[in-house]
Participant: 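Before we start, here is the structure in question, set down as structure tokens.
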Amino acid sequence: MVRPTLEPERGPPMQAVLDALDDPACREIVQALDEPKTASELSDECDIPLSTTYRKLDLLTEASLLEEQTEIRSDGHHTTRYVLGVESVELALTENGEFEVEIVRPPRSAEERLAHLWSEVQKET
């Protein structure tokens with residue numbers, strides 16, 4: 001599945017973030033991501049069926065709360081690992097009385113930036 005790249009200043013739609021955070025299984029997946037994990041690892045750890053885990057991972061990725069990283073293997077069978085892509089999510093009420101969501105992201109190392117770039121290239125092919 002090719003996901004559109006979000007413009008840095010826009011971020012994800014607020015409703016996508018709220019929907020993902022309102023889902024108990026999504027919150028459980030987020031809590032389990034203390035290190036990069038595959039969908040199978042998350043399914044086992046969270047005791048969520050694998051098909052449901054994939055749906056929840058899609059929700060979280062669409063909301064920009066998770067990132068997909070491709071683990072390159074010499075045998076050609078690459079693996080997708082999921083990592084938490086946020087430090088915090090802030091919901092605020094503006095002076096105009098409108099809600100806005102801000103996602104604070106952790107700084108990325110050079111290796112993480114390369115892995116992200118590779119994932120984006122792979123999505124386009």
Side-chain angles (χ1 to χ4, degrees):
M1 169 188 286
V2 177
R3 292 184 179 91
T5 303
L6 297 170
E7 299 172 27
E9 63 276 358
R10 289 204 44 200
M14 181 179 4
Q15 193 60 50
V17 175
L18 296 176
D19 288 346
L21 294 175
D22 187 45
D23 187 302
C26 286
R27 290 194 308 269
E28 191 171 347
I29 288 170
V30 167
Q31 290 172 336
L33 280 170
D34 53 350
E35 62 183 10
K37 294 181 181 171
T38 65
S40 294
E41 291 169 337
L42 288 164
S43 175
D44 291 343
E45 186 173 331
C46 297
D47 197 27
I48 300 171
L50 188 57
S51 60
T52 302
T53 300
Y54 277 114
R55 285 195 307 275
K56 302 307 178 181
L57 289 170
D58 282 343
L59 276 173
L60 290 162
T61 304
E62 291 292 329
S64 286
L65 301 175
L66 298 186
E67 294 180 1
E68 296 176 353
Q69 293 181 343
T70 303
E71 181 179 307
I72 307 299
R73 294 184 174 177
S74 59
D75 64 2
H77 294 95
H78 308 314
T79 301
T80 299
R81 293 196 174 275
Y82 295 88
V83 296
L84 193 57
V86 299
E87 283 186 355
S88 66
V89 176
E90 300 172 9
L91 183 64
L93 187 61
T94 67
E95 291 177 4
N96 299 335
E98 297 176 3
F99 285 101
E100 68 180 19
V101 67
E102 181 181 352
I103 295 179
V104 179
R105 302 199 183 283
R108 291 185 180 174
S109 69
E111 183 177 294
E112 290 170 326
R113 289 191 307 269
L114 181 59
H116 178 72
L117 180 60
W118 176 254
S119 294
E120 292 298 315
V121 167
Q122 189 177 26
K123 289 176 193 174
E124 297 296 323
T125 58

Participant: Out of curiosity, Leu65 CG to Ile103 CD1, how far, rounded to the nearest 0.5 Å?
Facilitator: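 It comes to 5.0 Å.
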Participant: Are Leu57 and Leu59 linked, directly or through other ILVMFWY residues, by side chains that come within less than 4.5 angstrom of each other?
Facilitator: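 No; Leu59 is not reachable from Leu57 via cluster members.
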Participant: From Leu33 CG over to Arg81 CZ, what is the distance, rounded to the nearest 0.5 angstrom?
Facilitator: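 If I round to the nearest 0.5 Å, the distance is 11.0 Å.
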Participant: With a 4.5 Å limit on heavy-atom distance, are the side chains of Tyr82 and Glu68 in contact?
Facilitator: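 Touching, per the 4.5 Å side-chain cut-off.
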Participant: Roughly how far, to the nearest 0.5 Å, is NZ of Lys37 from OG1 of Thr79?
Facilitator: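 With rounding to 0.5 Å, OG1 (Thr79) is 15.5 Å from NZ (Lys37).
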Participant: Side chain of Arg27, backbone of Asp22: donor and acceptor closer than 3.5 Å?
Facilitator: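 Such a contact is found between Arg27 side chain and Asp22 backbone.
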Participant: Let me confirm one number: the CG-CG distance from Asp19 to Leu60, rounded to the nearest 0.5 Å.
Facilitator: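 So the gap between those two atoms works out to 11.0 Å.
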Participant: Which residues pass the side chain to side chain contact (heavy atoms under 4.5 Å, CB included) test with Ser43, sequence neighbours left out?
Facilitator: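 Checked Ser43 against side chain to side chain contact (heavy atoms under 4.5 Å, CB included); matches are Leu50, Thr53.
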Participant: When rounded to the nearest 0.5 angstrom, what distance separates CG in Leu42 from OH in Tyr54?
Facilitator: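 It comes to 10.0 Å.
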Participant: Kindly give the heavy-atom pair with the smallest separation between Glu45 and Ala32, and that separation in Å.
Facilitator: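 Heavy-atom minimum between the residues: OE2-CB, 3.5 Å.
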Participant: Ignoring hydrogens and geometry, is there a side-chain-to-backbone donor-acceptor pair from Lys56 to Ile29 under 3.5 Å?
Facilitator: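 The answer is no, because no donor-acceptor pair under 3.5 Å joins these two groups.
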Participant: So which atom in Ala20 and which in Cys26 form the shortest heavy-atom distance, rounded to 0.1 Å?
Facilitator: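 Between these two residues, the closest heavy atoms are O-CB, 3.1 Å.
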Participant: Look at atom CG of Asp47 and say whether more than 12 heavy atoms of other residues, nucleotides or ligands are closer to it than 6.0 Å.
Facilitator: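 Check fails, neighbour count at 12 or below.
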Participant: Taking only residues two or more places apart in sequence or in another chain, which ones pass side chain to side chain contact (heavy atoms under 4.5 Å, CB included) with Asp44?
Facilitator: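 In terms of side chain to side chain contact (heavy atoms under 4.5 Å, CB included), with neighbours along the sequence ignored, Asp44 is linked to no residue.
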Participant: Do Val17 and Phe99 share a hydrophobic cluster, counting only Ile, Leu, Val, Met, Phe, Trp and Tyr and linking them when any side-chain heavy atoms are less than 4.5 Å apart?
Facilitator: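 Yes, it is one cluster - the side chains of Val17 and Phe99 are joined through contacts under 4.5 Å.
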Participant: Do any side-chain atoms of residues 84-96 form donor-acceptor pairs under 3.5 angstrom with protein atoms, and if so which ones, sequence neighbours left out?
Facilitator:
from  : atom 1 : to    : atom 2 : distance (Å)
Thr94 : OG1    : Asn96 : N      : 3.3
Thr94 : OG1    : Glu98 : N      : 3.2
Thr94 : OG1    : Glu98 : O      : 3.1

Participant: Is any side-chain heavy atom of Val30 closer than 4.5 Å to a side-chain heavy atom of Leu21?
Facilitator: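 Side-chain contact under 4.5 Å: no.
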